[in-house]
2 protein chains.
Amino acid sequence: MRKFKVPEVTIFRLSLYLRCLSELEEEGVEVISSAELGQRCGINPAQIRKDLAYFGEFGTRGVGYYVKDLKEDIKRIMGLDKEWEVALVGVGNLGRALLSYQGFKRHGFKISVAFDKVVDEERLSAMPEGCTLYHADKMVEVIRERKIKLAIIAVHFSEAQKVADVLVEAGIKGILNFAPVRLNVPKDVVVRHIDLGVELEMLTFFLSARIGK
Amino acid sequence: MRKFKVPEVTIFRLSLYLRCLSELEEEGVEVISSAELGQRCGINPAQIRKDLAYFGEFGTRGVGYYVKDLKEDIKRIMGLDKEWEVALVGVGNLGRALLSYQGFKRHGFKISVAFDKVVDEERLSAMPEGCTLYHADKMVEVIRERKIKLAIIAVHFSEAQKVADVLVEAGIKGILNFAPVRLNVPKDVVVRHIDLGVELEMLTFFLSARIGK
DNA sequence: CTTTTATTGTGAATGTACACACAATAAGTA
DNA sequence: TACTTATTGTGTGTACATTCACAATAAAAG
Ligand SMILES: NC(=O)c1ccc[n+]([C@@H]2O[C@H](COP(=O)([O-])OP(=O)(O)OC[C@H]3O[C@@H](n4cnc5c(N)ncnc54)[C@H](O)[C@@H]3O)[C@@H](O)[C@H]2O)c1
Ligand SMILES: NC(=O)c1ccc[n+]([C@@H]2O[C@H](COP(=O)([O-])OP(=O)(O)OC[C@H]3O[C@@H](n4cnc5c(N)ncnc54)[C@H](O)[C@@H]3O)[C@@H](O)[C@H]2O)c1
């Protein structure tokens, strides 16, 4: 599909461009130059053009980019031209917050199944419309059956690797992991870590360096 | 303080090394080579040595690094040799999950005050021991009084920039932002964004690219 | 149809990060 | 003390990412 290797930061930025384009569309802007777009999302215009160039030519010289078209193009590039079902594992404090998060929908994601090793009234009552809670034993069966490819891990860190292994067995290909552990998975499975400890520590580094300077 | 510019990824990795060293210490390992440490956290040994070299010489040639010492050194480098108080703004679904998160303590962070524009029984009952909930109007006053420098933003995205402005006024120097908005702050304030939408979209890109290939 | 204008797409230059490979050196051993 | 061994700290080359700068070109104006 792709001819050349695309840097990971480029994908990250495409996602930013997409959000920005959605906002522009809502504001009724129809055409935008890389210069203006760059201003809005704090990125060098040449960078934007280079990023897009990995995937083709989307602009019109002398004019700029048609907001609606570029948005559709980036969505297609990122595989966002369809809805993605997501499986959530771990319906604890964090899991319940994620279940109630409305932001996923806007991006085209839907948590349609959740798993926990405890299935009680407290957890069942946290399930929103259109999402079913299963016991963790059902993971492989349900995920295979529904052909779900994306999962979120929100269990205690001591369980995270075990859960990841089961998810891989069930055919999951992308994992968003909130547990503070680097997961070990086959290389056809992509993992992204969200690590609050690390993020806060990076903040204190910059603060200390600044104050100490 | 620092002579040369340190890359951001280096800081990120220091935090990983730190976690790994804590684990090693618990396992009773006293000395470790960059080769072994690299193996454990999936990073090239030369990279580890380069990262450390930004800040001095911590190892012993022919031997390796003393786990306890290196851990203390990295903690000091990152400003983690003291406890940091953190202010949380927004005690909604996400905010409550964060309040109940035990992981912060291990890193030396403590959410000691929380703010919301709604102060009701539901939110008050979510406050753990040692953390007080105030009305959002009190932000500047309380944060100044307690000299808090770190804050977490967990309010609706439409409120995030306003909240950030108030936090800056109150003297906050580091912000962890969960709202899907790029915050505008003075350049002596550091912001880290946690953006679930972007993370999930990056996953779908890699999945689509792989499936389409 | 030709000229002007604006803005893309991209080669080349610069800057940054990574990995290799080895000299420097500390500790252990004879 | 001299020799051996292990492993760090770092100079150097390579790969990757960003920015600059401009030729290519589409649309608008004359
Ligand atoms: N709470 C937060 O704000 C927060 C923030 C960042 C990271 N995290 C991380 O997210 C993870 C979850 O945090 P939490 O606060 O929700 O914890 P929690 O203890 O409230 O919830 C964990 C849930 O996972 C379930 N579980 C445990 N093992 C399981 C298994 N093998 N299979 C299925 N379900 C299982 C438990 O029954 C529980 O419902 C932890 O690793 C934590 O470090 C939490
Ligand atoms: N819920 C999640 O799992 C999740 C995940 C990722 C990101 N986010 C983001 O985190 C933010 C919070 O999400 P949530 O689900 O907790 O929303 P929420 O609506 O449950 O909570 C928001 C809270 O902020 C308070 N608030 C609003 N404006 C305020 C202000 N100006 N000052 C003080 N308090 C204010 C509200 O009273 C409410 O208690 C959102 O921006 C969301 O996009 C949430």
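Values below: every heavy atom of this structure, side chains too, minus hydrogens, waters and symmetry copies. Here the structure is a predicted model, which is why all the values come from computation and not from measurement. Throughout, a chain's letter reflects where its sequence line sits, starting with A, and its residues are numbered from 1.
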Tell me, please, which residues at least two apart from A:K50 pass salt bridge (charged side-chain N to carboxylate O under 4.0 Å, His left out).
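A:K50: no salt bridge (charged side-chain N to carboxylate O under 4.0 Å, His left out) contacts found.
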So which heavy atom on A:A97 is nearest to which on A:S100, and how close?
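It is O-OG, 2.9 Å.
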Side chains of A:L98 and A:F104, heavy atoms from C-beta outward: is any pair under 4.5 Å?
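Answer yes - side chains close enough.
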Taking atom [atom2] of [N] as reference, at what distance in whole Å does atom [atom1] of [X] sit?
{"X": "A:D73", "N": "C:dG9", "atom1": "CG", "atom2": "P", "result": "11 Å"}
{"X": "A:L70", "N": "C:dG9", "atom1": "CG", "atom2": "C1'", "result": "14 Å"}
{"X": "A:K5", "N": "D:dA17", "atom1": "NZ", "atom2": "C1'", "result": "10 Å"}
{"X": "B:E8", "N": "D:dA17", "atom1": "CD", "atom2": "P", "result": "16 Å"}
{"X": "B:D51", "N": "C:dC18", "atom1": "CG", "atom2": "C1'", "result": "10 Å"}
{"X": "B:E57", "N": "D:dT7", "atom1": "CD", "atom2": "C1'", "result": "13 Å"}
{"X": "A:Y17", "N": "C:dT8", "atom1": "OH", "atom2": "P", "result": "12 Å"}

May I ask you to say whether A:K75 pairs ionically with A:E72, meaning some side-chain N is under 4.0 Å from a carboxylate O?
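Looking at A:K75 and A:E72, the cut-off is not met.
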Pairs touching residues 89-110 of chain B that satisfy salt bridge (Lys or Arg N to Asp or Glu O under 4.0 Å), sequence neighbours left out
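Counting only pairs at least two positions apart or across chains, the salt bridge (Lys or Arg N to Asp or Glu O under 4.0 Å) contacts touching residues 89-110 of chain B are B:R96-B:E122.
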Any pair counted as salt bridge (Lys or Arg N to Asp or Glu O under 4.0 Å), so long as it reaches residues 183-196 of chain A, sequence neighbours left out:
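The answer is A:E8-A:R192, A:K173-A:D188, A:R182-A:D195, A:R192-B:E199, A:D195-B:R19.
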Can you see if the side chain of A:Y65 gets near the phosphate of C:dG9 - specifically, an N or O under 4.0 Å from OP1 or OP2?
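Checking A:Y65 against C:dG9: at least one side-chain N or O falls below 4.0 Å of OP1 or OP2.
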Restricting both atoms to N or O, compile the protein contacts to nucleotides 27-30 of chain C shorter than 3.5 Å, with distance only.
none

Taking only residues at least two apart or on different chains, which pairs with a member in residues 61-70 of chain A satisfy side-chain hydrogen bond (donor to acceptor under 3.5 Å, both in side chains)?
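Non-adjacent pairs meeting side-chain hydrogen bond (donor to acceptor under 3.5 Å, both in side chains): zero.
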Specify the residues of residues 28-50 of chain A, ordered by number, for which at least one heavy atom lies under 4.0 angstrom from an atom of DNA chain C.
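When residues 28-50 of chain A is checked for heavy atoms under 4.0 Å from DNA chain C, the hits, listed by number, are A:S33, A:S34, A:R49, A:K50.
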More than 12 foreign heavy atoms under 6.0 Å from CD of B:E25: is that the case here?
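More than 12 heavy atoms, drawn from other residues, nucleotides or ligands, come within 6.0 Å of this atom.
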Please lay out, stage by stage, how B:E169 and B:R144 fare under the test side-chain contact (heavy atoms from CB on, under 4.5 Å).
CA-CA 9 Å; B:E169 192 197 333; B:R144 279 217 185 120; 4.1 Å; yes
